[in-house]
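Computed over heavy atoms, backbone and side chain alike; hydrogens, waters and symmetry mates excluded. Nothing fancy with the numbering, it's 1 onward along the sequence. Counting convention: from 1, in listed order, for ligands and their atoms alike.
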Amino acid sequence: MQTTTDATLVSCRTDSLDTIDADMLWVPVFLADDDDSDSDAHGLEPLDRAVGGALSRARASGELTGALHEQFLTDVVDTAWHTRRVLLVGAGVRDRYNPTVARAAAATAGMAARQRAASRLVYWSPPGTGETGTTQAVVEGVLLGAFRDTRFKTRDTGTAPLQELILAFDGPIDPPAQEEAERGAILAECSNLARELANEPGNLFTPRVFAERAIELVTGPHTTVEVLDEAAIESEGMGLLLGVAQGSPEPPRVIVMRYEPEDPAPGPVLALVGKGVTFDTGGISIKPAAAMDLMKRDMSGGAAVLCAMRAIGRLAPPIRVIGIVPAAENMPDGNAIRPGDVLTAANGLRVEVLNTDAEGRLLLADALTLAQRLGATHMVDIATLTGAVVIALGHHTSGLIGTPPEWVETVRRAADSAGEEVWPLPPLEAYAAQLKSETADLANIGGRGGGAITAAMFLKAFSGGLPWAHLDIAGTAWYEESAPSHPKGASGVGVRMLAELPFALAREGAAETKGL
Ligand code: BES
Ligand code: MN
Ligand code: ZN
């Protein structure tokens with residue numbers, strides 16, 4: 001099944017609103033402040049006139065309060081207007097309208113456009129709401145909200161996709177707004193691609209298909225893709241990955257994506273490593289049947305890395321980036337690894353596999369070793385790694401852990417500026433004791449307590465002492481229910497923050513050389 005790469009057209013316009021021809025206009029509206037009892041404030045008067053006073057009437061009746069995600073749809077009565085429908089979307093307290101809120105409100109608008117078959121949408125921001133980053137966030141929100149995955153439906157294919165998003169500006173367009181719009185479009189498109197990859201079923205999306213998709217989606221003027229097959233994986237000595245893969249007739253692949261800036265200078269090399277388990281049955285330590293279907297999304301971290309590399313190729317940060325996706329299927333056949341088996345890792349460590357369902361850390365460990373061989377100076381891995389992180393943090397934030405603290409902080413800030421939630425877990429050495437093995441150098445599980453942390457401590461043993469951070473997205477990689485800003489299904493988590501990271505690392509390097 002193909003991924004959808006015909007992106008929504010995003011443009012900035014300064015034409016007066018009435019002359020823009022679209023299916024729907026959306027505008028954020030705010031909770032009334034104490035000193036602003038009527039809707040005539042804040043420059044919405046011309047819009048209110050165009051809708052025959054419906055806006056002020058809805059305000060007065062209490063139907064429209066401005067609470068976040070609230071929707072009020074009304075017709076344009078002014079016959080001179082080309083666009084005939086206006087959607088007002090609640091955006092909360094005016095003073096707190098920042099990129100995060102703008103993205104959330106915009107996602108509601110994007111969802112509404114999709115539901116109401118509006119394939120051309122205009123956004124107009126009321127005066128005073130154009131803070132830096134808002135334009136980018138609005139574009140991201142609209143395109144993420146309008147996402148719908150109907151590729152596997154032959155009958156109910158829903159309404160037409162959003163084809164065009166027009167950003168209407170009152171004054172001249174600043175170059176930053178134009179750039180923000182482009183950035184937002186790239187990041188949203190790549191996040192939506194990651195969602196599509198993660199939604200694909202295990203029978204159609206195998207490690208080999210994953211690799212083909214990387215070649216197709218990532219290869220570009222500044223990016224190359226290399227795929228390691230079984231033989232190449234063997235010669236790298238990646239015994240942990242081969243161990244995971246040996247219970248499946250589908251051969252494993254390691255996808256290596258490289259981004260080189262225009263003038264590569266010596267400096268940091270960032271490695272992004274994503275778990276690519278295309279289906280996780282648990283292997284011989286098999287999972288219960290309930291909700292096992294969701295384990296088709298156990299490659300969400302790999303999808304995030306693939307799609308972040310596509311975004312990075314377009315956004316062109318000034319440092320080198322390597323993306324690595326170890327891809328395998330975790331199945332329980334007669335060749336599968338058994339609990340108690342000992343495997344040899346690419347870095348020579350011997351691992352006792354006490355639970356074959358703790359497979360993600362095995363293939364990521366070998367991928368971290370490979371990243372070091374390829375010249376990484378800083379590493380981040382991203383994985384649907386543990387059920388334990390869902391117990392610890394639920395579904396609203398990803399777990400972040402690593403070392404040293406400065407590098408973890410850089411990752412946290414990158415997530416923050418990308419508008420993705422992450423929360424720190426403690427990388428205390430004491431947890432590593434839980435991974436002691438009777439037989440080998442270490443075991444692949446650490447008992448009941450602190451499962452998200454012991455999984456991370458396992459990975460740390462393969463980080464070679466480099467700055468390394470780990471993102472556990474088991475709770476955030478998909479939405480269990482639909483909400484006012486997203487449908488149920490894969491979330492595309494990680495793409496935006498990983499694409500931001502090389503910019504953050506480059507800034508930091510520049511600050512260091514200046515002695516800051
Ligand atoms: N892919 C799972 C983790 C997972 C669970 C992701 C729920 C998304 C939602 C991982 O491979 C796994 O099975 N982990 C085990 C580890 C345990 C055996 C130590 C787990 O969390 O139960
Ligand atoms: Mn597992
Ligand atoms: Zn898994």
Legend entry - Heavy-atom side-chain proximity of Met257 to Val305 below 4.5 angstrom: yes
Legend entry - Met299 and Val277, any side-chain heavy atoms less than 4.5 Å apart: no
Inset, instruction - Would you mind checking which non-hydrogen protein atom is closest to atom 15 (C) of ligand 1, with the distance to 0.1 Å? - result: Asp357 O, 4.0 Å
Inset, instruction - Please confirm whether the backbone N or O of Gly90 pairs with a side-chain atom of Glu70, one donor and one acceptor, at under 3.5 Å? - result: no
Inset, instruction - Using a strict cut-off of 4.0 Å, indicate which atoms of ligand 1 neighbour a heavy atom of Trp478. - result: 8 (C), 9 (C)
Inset, instruction - Report the part of Asp280 in contact with ligand 1, treating N, CA, C, O as backbone and CB onward as side chain, heavy atoms under 4.0 Å; options are side chain, backbone, both, neither. - result: side chain
Inset, instruction - Could you tell me which N, O or S atom of Glu359 is nearest to the Mn ion (ligand 2)? - result: OE1
Inset, instruction - For ligand 1, indicate whether the residue Leu294 contacts it via side chain, backbone, both or neither (heavy-atom separation under 4.0 Å). - result: neither
Inset, instruction - Report the name of the N/O/S atom of Asp280 located nearest to the Zn ion (ligand 3). - result: OD2
Inset, instruction - Note the single closest protein heavy atom to atom 16 (C) of ligand 1, along with its residue, its atom name and the distance in Å. - result: Arg361 NH2, 3.8 Å
Inset, instruction - Provide the closest heavy-atom pair for Phe147 versus Arg195 in the form atom of the first, atom of the second, distance. - result: CB-NH1, 3.4 Å
Inset, instruction - Within a distance under 4.0 Å of any heavy atom of Glu359, pick out the atoms of ligand 1 and give their elements. - result: 11 (O)
Inset, instruction - Please work out the angle at the Zn ion (ligand 3) defined by atom OD2 of Asp298 on one side and atom OE2 of Glu359 on the other, rounded to 10°. - result: 100°
Inset, instruction - Please say whether Gly387 places an N or O atom under 3.5 Å from an N or O atom belonging to ligand 1. - result: yes
Legend entry - N or O pair under 3.5 Å between Asp298 and ligand 1: yes
Inset, instruction - Identify the protein heavy atom lying closest to atom 9 (C) of ligand 1, giving its residue, its atom name and the separation to 0.1 Å. - result: Met295 CE, 3.6 Å
Inset, instruction - Decide, counting backbone as well as side-chain atoms, whether Lys275 has an N, O or S atom less than 2.8 Å from the Zn ion (ligand 3). - result: yes
Inset, instruction - Report the member of Asn355, Thr454, Thr476, Thr384 with the shortest heavy-atom distance to atom 18 (C) of ligand 1. - result: Asn355
Inset, instruction - Over 60° means perpendicular and under 30° means parallel, so classify the ring planes of Trp468 and His470, tilted if in between. - result: parallel
Legend entry - Side chain, backbone, both or neither: the part of Lys287 lying under 4.0 Å from ligand 1 by heavy atom: side chain
Legend entry - Leu187 side chain reached by Leu315 side chain, heavy atoms, under 4.5 Å: yes
Inset, instruction - Return the name of the atom in Asp280, of element N, O or S, nearest to the Mn ion (ligand 2). - result: OD2
Inset, instruction - Identify, for atom 10 (C) of ligand 1, the protein heavy atom at the shortest distance, and state residue, atom and that distance. - result: Leu385 O, 3.3 Å
Inset, instruction - Check whether any side-chain N or O of Thr476 sits under 3.5 Å from a backbone N or O of Ser398 as a donor-acceptor pair, and report yes or no. - result: no
Legend entry - Side chains of Trp478 and Asn199, donor plus acceptor under 3.5 Å: no
Legend entry - cation_pi(Arg183, Phe503) dist<6.0 Å, angle<=45: yes
Legend entry - Where ligand 1 meets Ile445 - atom numbers and elements under 4.0 angstrom, heavy-atom basis: 19 (C)
Inset, instruction - Answer with side chain, backbone, both or neither: which part of Phe458 has a heavy atom less than 4.0 angstrom from an atom of ligand 1? - result: neither
Inset, instruction - Without swapping roles, check the side chain of Thr384 against the backbone of Ser300 for a donor-acceptor pair under 3.5 Å. - result: no
Legend entry - Location of contacts on Lys275 toward ligand 1, heavy atoms closer than 4.0 Å: side chain
Legend entry - Test applied, side-chain hydrogen bond (donor to acceptor under 3.5 Å, both in side chains); reference residue, Arg314; option that passes from His222, Glu189, Glu182: Glu189
Legend entry - N-O pairing of Glu409 and Arg412 below 4.0 Å: yes
